[in-house]
There are 2 protein chains.
Amino acid sequence: MFQSGWFTRCATSIPAKGPPLTRNGRAPSVKDVAAAAGVSLGTVSNVLNRPSVVSTTTRERVERAMAELGFVRNESARQLRAGTSRALAYVMLDGGNPFFHDVAEGIETAADDADLSLFVCNSSSRSDREAKHLDRLVQQRVQGILITPVDPDAPHLAEIAQRGTPFVMVDRLSRAGDHCSVSVDDVLGGRIAVEHLIDRGHQRVAFVGGPAGIGQVRERLQGAREVWAEFGLPADDLINLSTEAMTVNEGRSAGERLAGLPSRRRPTAAFCANDLLALGLLQHAVTAGLRVPEDLAIVGFDDIDFAAAAAVPLTSVRQPRQELGRTAARLVLDEATNPDHVHEQATFVPALVARASTGTARRK
Amino acid sequence: MFQSGWFTRCATSIPAKGPPLTRNGRAPSVKDVAAAAGVSLGTVSNVLNRPSVVSTTTRERVERAMAELGFVRNESARQLRAGTSRALAYVMLDGGNPFFHDVAEGIETAADDADLSLFVCNSSSRSDREAKHLDRLVQQRVQGILITPVDPDAPHLAEIAQRGTPFVMVDRLSRAGDHCSVSVDDVLGGRIAVEHLIDRGHQRVAFVGGPAGIGQVRERLQGAREVWAEFGLPADDLINLSTEAMTVNEGRSAGERLAGLPSRRRPTAAFCANDLLALGLLQHAVTAGLRVPEDLAIVGFDDIDFAAAAAVPLTSVRQPRQELGRTAARLVLDEATNPDHVHEQATFVPALVARASTGTARRK
DNA sequence: CGAGGGCGTTGAAATGTTTCAGTCGGGGTG
DNA sequence: CACCCCGACTGAAACATTTCAACGCCCTCG
C-alpha cells in the first residue's frame, strides 16, 4: 500500500471493527433515545437544551437511555435547525512560526470562555491555501473568522467581510478598514529596538528583514530610520539587508552577506524584523566565531519563547501575543452577537525585552 | 469594554456592516438560486454535485444566479443529508512543540489530496481539553480522528475507537492495539543516540527526560541502557536526570543539576529525550561557559527545525515528522472508506543526524 | 406511425435537530 | 363547584440540502 524508504510496518492485522453500535447501522438519534426512554422526541431535546424544564425523574430516564445507546448529538442537524454554529476559526499565516501558535492560544482561551470550538487552519503563506480555507469556513457557517492574511488587501478578504461573516484581522492592517483588526504599533517597535542599540553605543546597524512587500517590515524599518535620524546619525550607517522571507535560513544567509561587507562598513549590531531571522543570524555569528554581543549585537522582534531559549538569549521587541489573540476573539464575538457593534482597530504597544544578545548597559 | 495594561485602542468607529446581502435577511439558499435561474431546486443541486448531467446552457444560467446572489452552500445541511462529512481532525499534544506542527503539516497534505478539510486542535497536554475536543469532533461527525494523546490508555480514547469513528494514534502506542497507529521505534532511537556518543569516546553520559510516565521516555532510556550494557560500560555511568516535562525550561534546570554534580561523576555528554530539552541544556551550558561539544556533547531527539538552527547546531535523532502525519492520514482514510480495512501499527525507523553539538568523528 | 431510448429536468422524500403552539391533569382559588 | 393557571410533556413544522424515481421530450429506428 505504501512505499517509503525508511519505515517498516508491523501490521498487527486486527481485521475489522467491532459490531455496529446500533441496530440498524446508523448512529442513534433523538428518536431512538425517545423510544428507548418512552418519551417524546421533544422531551429528549429539552433534556439536551433546557434541562430545567423537564422533571428530574424523566430527565434521569432519558439520560440513562442516552448513555445506554451511546447517543451523541449530531451537530450538523443542530446547526442547521438552530441556524447558529458553535465555532470560531483562525487562519494562521505560518504554522512554523511559534508566534502564531501563541496568538492561537490566546484566541482559544477566549473561545473556551464563550464555549465555542476553535478551528485552526494554516495557510503557510500561500494565498491559494488561504482562499481554500476561507471557502470552507464560510460554507461551515462558522460564527466568526480571524485571520492573519497573506495579503491584507486581497479581494477575497473584503468579500467575506461584506458578506456579513464576523471578521477580524490579526496582526495586520488593511488599507480599507471596514472591519475589526488587532495589531501592534510596528513603527514604535522599530524605534524601540534601534533606540536600544544606539543607547548601547552602536553607530553602524543593519536592518534585516523582507520582502519589503510586507507592511510590518516596512513599518519596523521606518521606525528604525526615524529614530536613527533623530539621533543625527548618517542614514548610510543604517544598512538595509533585505531578505526573501522571515525564516531562520534567511537570517543565516543575511549573516553571510553581513560578514562579507568590508570591515569599515560592517555593522556592530543588527535589528531583525522577527526572531526567526535573529536566530539564524545568531547561529551564523556563532559558527563564524563572532562573539555576541561584543562583535555583533542582535535584536529580534516578537519575543517568541525560542528567543529567550537561544544559546545567547535574544533581546527582542515583545508583542503581547496571547493578548492579541484574546482581544481579536472578543472583537469577533462582539461583532457576532452585539447588534450595534462598532468596528475597532485595536493597537497594542510593544515593549523591549533586553537580554544577553545586546549586552549590559553601557554608560555614555 | 476591555482593560489591559498596555494597549491603546484607536477605535475608528465604523458603525455597522453593510446592508444584508439578501432580501429577507437570510443567506440565499438553493431555493433562491433556483427561483432566480428559473429552474427547479434539484437542478441547482445537480450543478453543485454532478455538473456533467446538466446541459451547458442551464448550468451557466444557474452559475450566474449563484454568483449574483452570493450563494454559498450550507455545509451543515449537505452533511446532514449526505451523511458524510468532509473533514479530518488532528488533536495535537503540544502546540508549543514544533514537532507536532510538522506532523500536522504532513496530515494536511494527505487531507488536501483527498479534498478534505483538516481541523487542528491542541490539547496542550491537558486531559480535560483533549476530552472536550474529542467530544466536539464526534458531534461534528468528522470522517476520522488523528490524535497524539495525553495518555494512550485513557478510556475515552477506547470509546471513540469502539464507537466506529475512524481513529489513528500518532506517535504513540496504546497497550490495547485495537486501532491503527503510527509511531517511531523509540528503543532504536535511544540506541542510535547513545551508540553515537560512545562512538565519540564518551564514557559518562546523562539521560535527560521525563516524567517517566511517558512511554517514549521509557523506551528511549531503555534503548540507551541496552546499548550501554552491550558495550560493557558500567550502568552507574549512564546517569538518569529525570525532568518534570519536555520543555526548554526543564532542559535548563537539568543543566543546573548536571553542573552541580561532583566533577568525577559529571558526564561529558547528554542524551535528551527531545530537542526542547536539548536546547535548554545547550543554553545553560553556553551561559555557564562550557564549550559544546568539547566540555559537554549533546544529542537531542525529533530533529525539529530549531535543532539545526541552534547556535551550536544540535545532533538529533530524526523522526520522519511529515511522513508520520501523511501515513496516519492515509490510514484513517483507509479505515473510513475501505470496508475491509485492517488495523495497522506502522513503525518508522529513526535516523541520527550528526551536527556540531557532538563534534567531529574521533578515531578510536 | 408507434415503440424505444436517451437526455435533461422535476418534485417529493428524507436527513436529525430545535422550537413552539398545544394538550393534559391536577391543584389552588374564589 | 367552576375557573384558571401551572408544570410537564407532546407533535408537527421548519431548517437547507441530496437523492432518486418519474416524467416529458425529441430523436431514431423499425
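Values below: all heavy atoms of this structure, side chains included; hydrogens, waters and symmetry mates excluded. The sequence lines fix the lettering, A, B, ..., with proteins before strands; numbering per chain opens at 1. As the structure is a prediction and not an experimental result, all values here were calculated from the model.
In this structure, B:Arg78 does not reach the C:dT15 phosphate: none of its side-chain N or O atoms is under 4.0 Å from OP1 or OP2. Listed pair A:Arg141 / D:dA16 fails the phosphate criterion, with no side-chain N or O lying under 4.0 Å from OP1 or OP2.
Using a 4.0 Å heavy-atom distance criterion, A:Thr43 is classed as a base contact. Within the nucleic acid shown, B:Ser76 has no heavy atom closer than 4.0 Å to any nucleic acid atom. Base engagement by A:Ser45 is indicated by at least one non-hydrogen atom pair under 4.0 Å involving a base atom.
Considering only side-chain atoms of A:Leu80, the nucleotide from C:dT17, D:dC15, D:dT18 that sits closest is D:dC15. Closest to the A:Leu48 side chain, of the nucleotides C:dT18, D:dC9, D:dT17, is C:dT18. With D:dT18, D:dC9, C:dT10 as the choices, the nucleotide that has an atom nearest any side-chain atom of B:Val39 turns out to be C:dT10. Side-chain proximity of B:Ser40 to D:dT18, D:dA16, C:dG11: nearest is C:dG11. For A:Ser29, the listed nucleotide lying nearest its side chain is C:dT17; candidates were D:dT17, C:dT17, C:dG8.
No hydrogens or angles were tested; on distance alone, nothing pairs the side chain of A:Arg81 with the base of C:dT17 as donor and acceptor under 3.5 Å.
Note on ring orientation: taking the six-membered ring where Trp is involved, the planes of B:Phe119 and A:Phe119 are parallel (angle under 30°, cut-offs 30° and 60°).
The separation between B:Glu75 atom CD and D:dA16 atom P is 15 Å, rounded to whole Å. Distance B:Asn46 CG to D:dC23 P: 18 Å, rounded to the nearest Å. One atom, CZ of A:Arg61, and another, C1' of D:dT10, lie 14 Å apart when rounded to the nearest Å.
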